[in-house]
Structure formats: C-alpha cells, structure tokens
Number of protein chains: 2
Amino acid sequence: MSVYTAGSLKAELHDRGWRLTPQRETILHVFQELPAGEHLSAEDLYHQLESQRAGISLSTIYRTLKLMARMGILRELELGEGHKHYEINQPYPHHHHHLICVRCNKTIEFKNDSILKTGTKTAEKEGYHLLDCQMTIHAVCPTCQRALMPL
Amino acid sequence: MSVYTAGSLKAELHDRGWRLTPQRETILHVFQELPAGEHLSAEDLYHQLESQRAGISLSTIYRTLKLMARMGILRELELGEGHKHYEINQPYPHHHHHLICVRCNKTIEFKNDSILKTGTKTAEKEGYHLLDCQMTIHAVCPTCQRALMPL
DNA sequence: TTTCAGTTGAAAATTATTTGCAATAATCGG
DNA sequence: CCGATTATTGCAAATAATTTTCAACTGAAA
Ligand SMILES: [Mn+2]
Ligand SMILES: [Mn+2]
Ligand SMILES: [Zn+2]
Ligand SMILES: [Zn+2]
C-alpha cells in the first residue's frame with residue numbers, strides 16, 4: 001500500500017513484464033486527481049475520460065481497473081449499486097472505510113487506525129502479501145429508517 | 001444482529017407486512033445447518049435444494065437471498081469469484097471476517113472482536129441501524145506469491 | 001371460507017464484465 | 001534509430017449473474 005507516481009507505476013509494471021501505456025497513465029492520473037470521497041465505476045470513468053477527449057475504450061478500462069486493483073494501486077469497492085466502484089488505495093493517514101445504507105446506498109467514509117493494523121497483522125500471520133483491507137458496515141440510514149420502504 | 005429461528009423469522013417478516021413461506025423457511029434452515037466456514041452462492045443453494053428435492057426456483061432464491069441480507073439475517077459476501085456468496089449473520093462470538101487471495105480466491109476466516117465494536121459505534125454515531133459489518137482483506141496467498149502468475 | 005395482497009415459477013430481459021481477434025505500439029537488442 | 005517481439009488496444013460478440021414480467025398460487029386475517 002504505497003503512493004504511486006507515473007514513474008513507480010512504470011517500474012512496477014516492468015517488474016512483471018508489462019508495459020506502461022498512455023491509457024494506463026491517464027487512468028491512474030484520473031484517480032490521483034479524484035476528490036476525496038468520490039468513487040468511480042467503469043462506466044463513470046469511461047464517461048469522464050470521454051468528456052476529457054481522452055477516449056479510452058470500455059474494454060481497456062475494465063482491464064486496467066482489474067489490473068490496478070490486483071496490483072494494489074486501486075481499491076475495488078462493493079457499494080451495493082450492482083457494479084463495482086474504484087478509488088485510489090492510500091496508506092495511513094488517508095486509509096478509510098465505508099458505511100453503506102442497504103436501502104439507498106448512501107455511503108459515508110470513516111477512519112479507524114486499528115483496522116489497518118489488524119489487516120497487516122492478519123495477512124502477515126498467514127503469510128499473505130497485503131494489498132488492501134477494508135471494513136464495510138451495512139446498515140439502514142436515518143432517512144430510510146423513517147421511510148418504511150419495501151424491501 | 002441476532003439469531004433467527006423459524007418463529008422469529010415469521011415475526012420479523014410480519015412486522016413489515018411480509019409473509020412466511022415454506023421456501024423462506026427452507027432457505028433459512030439451509031443456512032442454519034451450513035457448516036462453519038462454508039459460503040453459498042445463489043447457484044450453490046439452488047443445487048443443494050434441488051438435491052434435497054426441495055426444488056425452489058432460482059428467481060425465488062435470488063429474491064430471498066436479497067431479502068434476508070437486507071433484513072440482516074444473512075451476510076452478502078464478495079469473495080472475488082464474480083458472484084455473491086452468503087452465510088448466516090451471527091453475532092459475537094461467531095462473528096468473523098475474511099482474508100481473500102486476489103489471485104486464486106482462497107479464503108481464510110479470522111476473528112477480531114474490536115471490529116464489531118467499531119462497527120457498532122460508527123453506525124450508532126451516524127444514526128444508522130446496523131445490519132452487518134465485515135472486514136475484508138485482499139492479499140496474495142503464499143502459493144500465488146511463488147507462482148508468478150500473470151495478472 | 002372468503003378476500004386480497006404478497007409470493008412463486010418460468011421465461012424473457014437486462015446489464016456488468018469478459019473474451020476473441022486483428023491492428024497497433026511499447027520495449028529491447030543491436 | 002531500426003526491426004523483432006510480444007503486450008496492449010478497440011471493437012464486436014459472447015458470457016453470466018441477477019432482475020423483471022406476469023399469470024397462477026397461497027398465506028394471513030377477518
Ligand atoms: Mn472511499
Ligand atoms: Mn464466513
Ligand atoms: Zn438510506
Ligand atoms: Zn492465491
């Protein structure tokens with residue numbers, strides 16, 4: 001869980017016999033510039049790049065998101081909307097977690113240092129190489145509690 | 001996060017204007033009998049019920065899994081296999097978390113009491129009604145570290 | 001037992017994500 | 001810089017999980 005620059009991205013890709021492409025650089029850049037608290041789906045990213053006339057195909061976007069998540073550069077989030085969302089994976093002190101309403105999917109971020117510590121220790125104990133650790137709280141938000149909505 | 005019986009399931013369904021059906025009872029029962037550490041996908045559940053000649057349609061299974069997850073009876077898990085898995089949602093001391101290899105999806109369960117405490121406190125602070133809280137560690141298992149597999 | 005809204009099953013529809021493949025381009029050795 | 005090699009891209013087609021539609025059915029309450 002480290003901070004990536006275009007340079008370190010290139011190095012890490014080369015380590016594995018992969019290449020640095022303009023598409024990969026552009027996508028990393030979008031996430032690095034993403035305001036705190038925002039999460040992008042593949043489709044979101046596709047449209048954002050389109051509007052910046054950086055036109056990258058959806059296939060490449062899907063491939064890159066998966067690649068960067070598996071590398072530990074991005075975090076893959078399940079926010080209850082039926083598709084994945086991504087954000088940059090940052091170490092302490094930016095590392096954070098999500099509280100999600102299962103009815104309306106409203107998401108609140110929160111921090112808690114002990115979680116990352118637990119994750120690090122647990123992975124280490126099992127001999128796993130840590131990429132990301134997330135705590136997800138599923139709950140019903142105040143608004144939805146009142147709403148008495150079906151399901 | 002409480003323990004459900006057929007009776008309390010009925011009560012909780014009725015509270016919301018819903019009904020207890022044999023299908024719902026059967027599905028809850030399967031999860032109650034599920035050995036610790038096992039997780040079922042919709043398809044898994046479908047086949048397991050089929051082999052027990054309890055034939056419940058896939059649609060109903062999907063509907064019931066979602067319903068029970070939203071009620072807090074089941075936990076919905078993203079174990080990296082491209083489809084959701086479910087297990088019964090149990091309070092302390094059975095409450096646990098998952099360490100997943102992003103390459104081969106091997107999953108290890110672990111316990112940590114402070115996580116549930118953090119979840120309870122965080123939800124409460126925001127006025128959310130807690131249903132479930134899970135910590136998920138994404139990492140590379142020892143075997144996959146050696147394998148040097150692509151992606 | 002009657003009523004009525006919630007539930008089911010089967011089939012069709014949707015939608016996120018992946019894959020095949022030919023064209024393109026990043027990297028490397030000379 | 002140049003040519004060979006092989007990863008990567010874009011597009012279209014394929015997959016696969018999940019949802020929806022709708023008519024028939026059935027719990028629950030009176
Ligand atoms: Mn976030
Ligand atoms: Mn489990
Ligand atoms: Zn809500
Ligand atoms: Zn593995």
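Treat the numbers as computed from the prediction; the structure is a model and nothing was measured. We name chains A, B, ... by the order of the sequence lines, and we start the count at 1 in each one.
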Task: By ring pair (Phe, Tyr, Trp, His ring centres under 6.0 Å) - contacts of A/Tyr62 (at least two apart) - done: none
TODO: Assign B/Leu20 to base, sugar-phosphate, or nothing according to its heavy-atom contacts below 4.0 angstrom with the strands shown.
DONE: sugar-phosphate
Open item on the list: If we ignore hydrogens and angles and just use 3.5 Å, is the side chain of B/Ser51 paired with the main-chain N or O of B/Gln48 as donor and acceptor?
Closed with: yes
- [ ] Taking atom CD of B/Glu50 as the centre, report whether more than 12 heavy atoms of other residues, nucleotides or ligands fall under 6.0 Å from it.
- [x] yes
- [ ] Could you check A/Leu13 against B/His14 and say which one's nearest nucleotide on DNA chain D is further toward the 5' end?
- [x] A/Leu13
Task: Donor-acceptor pair present, A/Ser57 side chain and D/dC11 base, under 3.5 Å - done: no
Task: Between D/dT18 (P) and B/Lys66 (NZ): distance, integer Å - done: 10 Å
Task: d(CH2, A/Trp18; P, D/dA7) in whole Å - done: 11 Å
Open item on the list: Return the CD1 to CG distance between B/Ile88 and B/Leu28, rounded to the nearest 0.5 Å.
Closed with: 5.0 Å
TODO: Check whether any side-chain N or O of B/His95 sits under 3.5 Å from a backbone N or O of B/Ile115 as a donor-acceptor pair, and report yes or no.
DONE: no
Open item on the list: Side chains of A/Arg63 and A/Gln23, heavy atoms from C-beta outward: is any pair under 4.5 Å?
Closed with: no
Task: Exercise: do A/His39 and A/Glu81 side chains pair donor with acceptor under 3.5 Å - done: no
TODO: Can you tell me the distance, in whole Å, between the CZ atom of B/Arg63 and the C1' atom of D/dT19?
DONE: 9 Å
Open item on the list: Any residue in residues 73-86 of chain A with a heavy atom nearer than 4.0 angstrom to DNA chain D? Just list them by number, or reply none.
Closed with: none
Task: Span of DNA chain C, from the first to the last nucleotide whose atoms fall under 4.0 Å of chain B heavy atoms - done: C/dA5 to C/dA11
- [ ] Just report the end-to-end axis angle for the helix from C/dT1-D/dA30 to C/dG30-D/dC1, five pairs per end, to 10 degrees.
- [x] 60°
Task: Main-chain N/O of A/Cys133 paired to A/Arg75 side chain as donor or acceptor, under 3.5 Å - done: yes
Task: Short side-chain to backbone donor-acceptor contact, A/Arg24 and A/Arg19, under 3.5 Å - done: yes
TODO: Would you mind reading off the distance between B/Glu25 atom CD and D/dG27 atom C1', rounded to a whole angstrom?
DONE: 12 Å
Task: Within-4.5 Å side-chain heavy-atom neighbours: A/Met68 and A/Tyr86 - done: no
Task: Contact list for DNA chain C against residues 42-56 of chain B - heavy-atom distance below 4.0 Å - done: B/Gly55, B/Ile56
Open item on the list: Holding to ring pair (Phe, Tyr, Trp, His ring centres under 6.0 Å), I want the full list of residues that pass it with A/His47, two or more places apart in sequence or in another chain.
Closed with: none
- [ ] Answer whether the closest heavy-atom distance between the side chains of A/Glu78 and B/Glu76 falls below 4.5 Å.
- [x] no
Open item on the list: Please determine whether a side-chain nitrogen or oxygen atom of A/Gln23 lies at a distance below 4.0 Å from atom OP1 or OP2 of D/dG10.
Closed with: yes
Open item on the list: Using a 4.0 Å heavy-atom cut-off, does B/Thr21 contact any base of the nucleic acid, only the sugar-phosphate backbone, or nothing at all?
Closed with: sugar-phosphate
Open item on the list: Test your reading of the model: is there a side-chain donor-acceptor pair from B/Ser114 to the backbone of B/Asn112, 3.5 Å cut-off?
Closed with: no
Task: Exercise: do A/His96 and A/Glu109 side chains pair donor with acceptor under 3.5 Å - done: yes
TODO: Take atom NZ of B/Lys10 and atom P of D/dG27, then tell me their distance rounded to the nearest Å.
DONE: 10 Å
